[in-house]
There are 2 protein chains.
Amino acid sequence: MSANSRLTIAAHALAWIGLYQRQGHEVATSEQIATSANTNPVVIRRLLGELRRAGLVESRRGVGAGWSLARGLESITLLDVYEAVEPGPLFAMHRATPDQGCVVGHGIQPAMQGIYEGIEETLRHELARVTLEKVLRDVLAAPRQPL
Amino acid sequence: MSANSRLTIAAHALAWIGLYQRQGHEVATSEQIATSANTNPVVIRRLLGELRRAGLVESRRGVGAGWSLARGLESITLLDVYEAVEPGPLFAMHRATPDQGCVVGHGIQPAMQGIYEGIEETLRHELARVTLEKVLRDVLAAPRQPL
DNA sequence: GCTGACGTAACTGTAATTGTTACAGCAGGC
DNA sequence: GCCTGCTGTAACAATTACAGTTACGTCAGC
């Protein structure tokens with residue numbers, strides 16, 4: 001489907017900020033997060049900007065600038081992140097509108113629309129069941145690399 | 001997500017063939033289906049080729065060539081079509097592997113992997129609940145355009 | 001051998017994602 | 001009042017996938 005990594009990177013960033021704050025720091029910089037995620041700081045700032053628009057994080061400017069959580073990790077779900085970061089639907093319709101003179105061409109879009117809506121609703125429900133708190137817990141539960 | 005229309009077009013093609021066969025015809029051509037879906041016959045042949053590999057349709061060559069269902073519409077589910085037509089996962093991991101020296105960078109991929117697997121399993125379950133028979137029923141239930 | 005459609009390669013256009021550079025703007029410290 | 005470090009955002013390149021299109025070899029029945 002040519003899936004993208006936006007949800008993954010956004011969850012990574014939130015988990016990173018959350019852990020960093022638990023260690024006593026006030027704000028995290030896009031530079032630090034980008035290093036952990038092995039990507040470019042601008043990519044992180046873009047994603048965090050969308051999360052801020054959704055009210056999940058806050059940013060400070062000036063000296064001592066950076067990013068902090070607007071809500072606790074336990075109150076943020078993957079659905080919140082998904083909706084902030086993925087605008088479009090899961091499945092697309094025909095590019096060109098099908099032949100309306102054909103029975104199938106005429107009825108296929110409303111039919112699939114209805115089916116897709118139900119499926120996306122289920123997906124949302126599943127995403128809503130996973131909090132970022134659980135994500136961080138799973139992250140920390142990963143087996144340590146033996147040196 | 002940059003969603004594609006492959007599942008939609010494949011379902012369209014199967015519903016079209018199914019209806020056409022119920023009207024007494026033996027095989028449908030990619031040309032006819034492409035006209036209904038308002039796309040190119042090659043696009044249809046490519047998709048139907050994948051459905052054939054999955055055992056959902058059959059094709060004849062030579063004179064009187066075309067496509068026919070290998071199984072009844074009531075025994076084909078959207079999951080069958082989805083698996084035939086969409087190879088990859090729903091969500092992607094990081095492009096570059098994250099910093100393994102960072103706790104989050106190290107644990108994020110197994111954590112998200114596990115979460116994503118559960119979600120995709122639910123998606124599959126939902127897709128499996130919809131038969132192509134139901135799709136065709138919904139298609140035919142669409143309100144007629146008044147002339 | 002003629003015909004009509006499949007099977008598939010090859011190429012193009014378009015769009016999305018990601019990475020990257022560049023630079024203006026802000027806020028606190030000196 | 002200027003310096004500094006980071007945000008905010010524009011702009012562009014590289015890569016990739018999807019969809020559309022053309023072209024042509026292949027097959028099977030007449």
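The chains referred to below are lettered A, B, ... by the order of the sequence lines, with proteins before strands, and numbering in each begins at 1. In what follows, every heavy atom counts, from backbone to side chain, and hydrogens, waters and symmetry copies are set aside.
Of the possible donor and acceptor atoms, one in the side chain of B:Arg6 sits under 3.5 Å from a partner among the backbone N and O of B:Val85. Checked by atom type and distance alone, the side chain of A:Ser5 never pairs as donor or acceptor with a backbone atom of A:Thr8 at under 3.5 Å. A donor-acceptor pair is defined here as one N or O able to donate and one able to accept, closer than 3.5 Å; such a pair exists between the side chain of B:Gln100 and the backbone of B:Pro98.
Taking atom CG of residue B:Leu7 and atom P of nucleotide D:dC18, one finds them 13 Å apart after rounding to whole Å. Separating the CG atom of A:Asn40 from the C1' atom of C:dA22 is a distance of 12 Å, rounded to the nearest angstrom. A straight line from CD of B:Glu86 to C1' of D:dA19 spans 14 Å, rounded to a whole angstrom. Nucleotide C:dG19 holds its P atom 15 Å from the CD1 atom of A:Ile33, rounded to whole Å. In this structure, the CD atom of A:Glu31 is 12 Å from the P atom of C:dT20, given to the nearest Å. Rounded to a whole Å, the CG atom of A:Leu48 is 15 Å from the C1' atom of D:dT9. Residue B:Met1 contributes atom CE, which lies 16 Å from atom C1' of C:dT18 at whole-angstrom precision. Across the protein-nucleic acid pair, B:Trp67 atom CH2 and C:dG4 atom C1' stand 15 Å apart, rounded to whole Å.
A:Asn4 comes within 4.0 angstrom of the backbone, heavy atoms only, and of no base. Backbone-only engagement by A:Arg6 is indicated by non-hydrogen atom pairs under 4.0 Å involving sugar-phosphate atoms exclusively. In this structure, B:Arg60 reaches the sugar-phosphate backbone alone: every heavy-atom distance under 4.0 Å involves primed, P, OP1 or OP2 atoms, never a base. Residue A:Gly66 is classed as a sugar-phosphate contact, given heavy-atom separations below 4.0 Å to backbone atoms only.
Across D:dG8, D:dA17, C:dG7, the shortest atom-to-atom separation from the side chain of A:Ser2 is found for D:dA17. Of the candidates C:dT8, C:dG7, D:dA10, the closest approach to any side-chain atom of B:Val42 belongs to C:dT8.
Of the N and O atoms on the side chains of B:Ser59 and B:Arg52, at least one donor lies less than 3.5 Å from an acceptor on the other residue. B:His12 and B:Ser36 form a side-chain donor-acceptor contact under 3.5 Å, judged by distance and modelled atom types alone.
Comparing A:Ala65 and B:Ile9 along DNA chain D, the residue whose closest nucleotide (by nearest heavy atom) sits nearer the 5' end is A:Ala65. Of the two residues contacting DNA chain C, namely A:Val43 and B:Gly64, the nearest-nucleotide position lying further toward the 5' end is that of B:Gly64. When each of A:Asn38 and B:Ser59 is assigned the nucleotide of DNA chain C with its nearest heavy atom, B:Ser59 is the one assigned upstream, toward the 5' end. Toward the 5′ end of DNA chain D lies the nearest nucleotide of A:Ser30, the other residue of the pair A:Ala96 and A:Ser30 mapping further downstream.
At the phosphate of C:dG7, OP1 or OP2 sits under 4.0 Å from a side-chain N or O atom of B:Arg52.
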Can you give me the N/O atom pairs linking the protein to nucleotides 24-29 of chain D at distances under 3.5 Å, or say none if there are none?
unit_1: D:dG25; atom_1: N2; unit_2: B:Arg61; atom_2: NH2; d: 3.1
unit_1: D:dT26; atom_1: O2; unit_2: B:Arg61; atom_2: NH2; d: 2.6
unit_1: D:dC27; atom_1: O2; unit_2: B:Gly62; atom_2: N; d: 3.2
unit_1: D:dA28; atom_1: N3; unit_2: B:Val63; atom_2: N; d: 3.3

Side chain to side chain donor-acceptor pair (under 3.5 Å), that's the test. Do A:Tyr82 and A:Thr77 meet it? Break it down for me.
CA-CA 9 Å; A:Tyr82 179 79; A:Thr77 71; over 6 Å; no
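Taking 4.5 Å as the limit, some side-chain heavy atom of B:Asn4 sits within range of a side-chain heavy atom of B:Glu86. Looking at B:Leu136 and B:Leu19, their side chains come closer than 4.5 Å, going by heavy atoms from C-beta outward.
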